[in-house]
Amino acid sequence: MREVWAETRRADARDLVLALATTCAAYLLRALRWQYLLAPIGGSRFSTAFRTTVIGFAASALLPARAGEVIRPYLLARREGLSATSAFATIILERLLDLVTVLMLFAGFVLLGAAGVAANDPSYLARVKVGGAMAGGGALLASFVFFALAGHPERLGRLTMSIERFLPRVLARTFARFVETFAQGLAVMRQPSQLVAALALSIPLWISIGAGIWMASRAFHITFPFSGSFLVVTLLVVGVAVPTPGAIGGFHTAFQFAVETFFGASHDRAVGAAIVLHAISFLPVTILGLGFMMAEGLTLAGARRLAESTTPGAPLGDPPVRAATTELEPGRSIRPAPARRGTR
């Protein structure tokens with residue numbers, strides 16, 4: 001660790017500040033993109049989309065099982081008077097857009113001749129390309145499935161009722177209502193202009209993430225072309241998929257593997273850069289998210305219980321579980337904002 005600390009002290013502070021700025025900008029772009037995905041089901045104010053996005057990422061960093069992916073749409077739905085299930089569907093669609101965009105940028109890196117790669121074993125890059133192609137095929141299949149689900153939510157709900165032959169009537173109706181409401185959340189798939197806008201915003205979003213990675217690497221004197229950041233991003237997406245709180249371990253290993261294997265970084269320098277980049281990526285949003293949670297009157301324990309027991313298919317007007325309100329600060333509760341004209 002002495003050598004790692006020495007590498008960290010030699011890092012360029014100006015590049016790290018720029019990396020922090022571009023990383024923070026990505027959350028603004030995420031909130032803006034989410035607005036486009038939410039528009040067909042009722043829409044949201046930017047301030048609400050941003051606050052709940054930050055809360056969601058903070059919760060995912062501190063709680064297991066990506067709890068923020070459930071908390072984020074639930075809080076927004078309560079604030080904006082939307083269906084929680086439909087809002088959750090937009091999160092799934094958002095992840096699909098992320099995957100498609102990352103693969104597009106990675107494909108661009110490959111088409112540019114994998115500039116800057118100095119791998120001793122070319123088979124590593126070949127394996128990454130195969131993995132990217134397989135993920136692309138999966139994303140394409142998921143897109144077709146989502147398009148089919150979004151086409152006729154009511155018909156899908158009636159079709160789902162056929163399981164009534166195997167399940168109790170009440171359970172079958174609940175499941176059918178959930179499926180229909182979830183499909184309604186994919187309504188943006190039926191509005192090409194909104195979907196294209198969301199996809200268009202995904203490109204600068206992930207370029208800003210790549211820029212943060214590139215600048216943090218440059219701060220540690222790990223040099224590669226800007227397009228090389230798309231390779232690092234692709235591997236980091238795999239690393240953060242490892243289910244650890246705050247992506248600790250998976251993030252660091254993926255970054256170290258990328259810069260050591262493909263760009264010739266020394267081990268101590270790669271470790272120092274991974275630790276600092278992880279802090280830049282997770283600490284600011286976690287601190288800001290905790291502040292927003294306090295403003296909502298929501299404790300971390302309450303957020304965990306909310307994530308564990310929220311039932312997206314339940315009617316939004318009723319709190320899904322008692323814990324959602326009892327774990328708040330004394331005397332406070334999560335209250336929806338006053339209904340806006342033109343929203344459900």
Side-chain angles (χ1 to χ4, degrees), residues 22 25-54 56-57 69 72-108 111 135-157 179-211 230 233 237 312 316 337 339-344:
T22 56
Y27 291 100
L28 296 172
L29 290 170
R30 282 190 180 278
L32 183 60
R33 181 183 65 174
W34 198 17
Q35 282 189 291
Y36 281 94
L37 298 178
L38 290 164
I41 63 171
S44 169
R45 291 161 294 185
F46 178 81
S47 59
T48 304
F50 177 70
R51 288 171 66 92
T52 51
T53 293
V54 172
F57 275 86
E69 304 288 45
R72 176 156 71 112
Y74 175 79
L75 291 178
L76 180 134
R78 288 292 298 265
R79 281 285 179 183
E80 302 292 12
L82 306 177
S83 161
T85 304
S86 296
F88 179 72
T90 65
I91 300 298
I92 305 299
L93 185 56
E94 186 181 84
R95 289 293 161 263
L96 179 61
L97 287 176
D98 284 339
L99 177 60
V100 169
T101 307
V102 167
L103 292 174
M104 286 172 55
L105 294 176
F106 175 65
L111 291 175
L140 186 61
L141 177 61
S143 299
F144 281 122
V145 171
F146 280 9
F147 185 78
L149 287 174
H152 302 282
E154 299 82 5
R155 186 184 303 173
L156 182 63
V179 171
E180 181 178 340
T181 310
F182 181 88
Q184 289 171 352
L186 303 175
V188 71
M189 300 289 285
R190 304 191 301 272
Q191 299 186 13
S193 60
Q194 299 284 350
L195 185 60
V196 169
L199 181 59
L201 280 170
S202 298
I203 295 174
L205 189 163
W206 279 97
I207 287 178
S208 69
I209 293 173
F230 303 148
V233 165
V237 167
L316 184 59
R340 293 176 297 134
R341 185 176 301 176
T343 61
R344 292 184 292 110

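Sequential numbering from 1 along the given sequence is applied to the chain's residues. These values consider heavy atoms only, across backbone and side chains, with no hydrogens, waters or symmetry-generated copies.
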The criterion is ring pair (Phe, Tyr, Trp, His ring centres under 6.0 Å); which residues satisfy it with F230, sequence neighbours excluded? F226

Please report the interatomic distance OG1(T53) to CG(L29), rounded to the nearest 0.5 Å. 11.0 Å

Stepwise side chain to side chain contact (heavy atoms under 4.5 Å, CB included) test for L28 and F46: CA-CA 9 Å; L28 296 172; F46 178 81; 4.1 Å; yes

When rounded to the nearest 0.5 Å, the distance separating CD1 of I41 from CG of L82 is 5.0 Å

Run the side chain to side chain contact (heavy atoms under 4.5 Å, CB included) check on R78 and T52 step by step: do they pass? CA-CA 11 Å; R78 288 292 298 265; T52 51; over 6 Å; no

Can you measure from CZ (R72) to CZ (R30) and round to the nearest 0.5 angstrom? 7.0 Å

Polar contact flag, side-chain donor to acceptor under 3.5 angstrom, S44-W34: no

Which distance, rounded to the nearest 0.5 Å, do you find between the CG of L96 and the OG1 of T101? 9.0 Å

Show the nearest heavy-atom pair for residues A87 and A77, with the distance to one decimal. CB-CB, 4.4 Å

Could you pull out all donor-acceptor pairs under 3.5 Å where a side-chain atom in residues 191-207 meets a protein atom, sequence neighbours excluded?
unit_1	atom_1	unit_2	atom_2	d
S202	OG	R33	NH1	2.8
S202	OG	A198	O	2.9
W206	NE1	D98	OD1	2.9

Look only at the side chain of E80 and the backbone of G43, and say whether a donor-acceptor pair between them is shorter than 3.5 Å. no

For the atom pair CZ (R79) and OH (Y74), what is the distance rounded to the nearest 0.5 Å? 12.0 Å

Kindly compute the distance separating CD1 (I209) from CG (L105), expressed to the nearest 0.5 Å. 10.0 Å

Around atom OH of Y27, are there more than 12 heavy atoms from other residues, nucleotides or ligands closer than 6.0 Å? yes

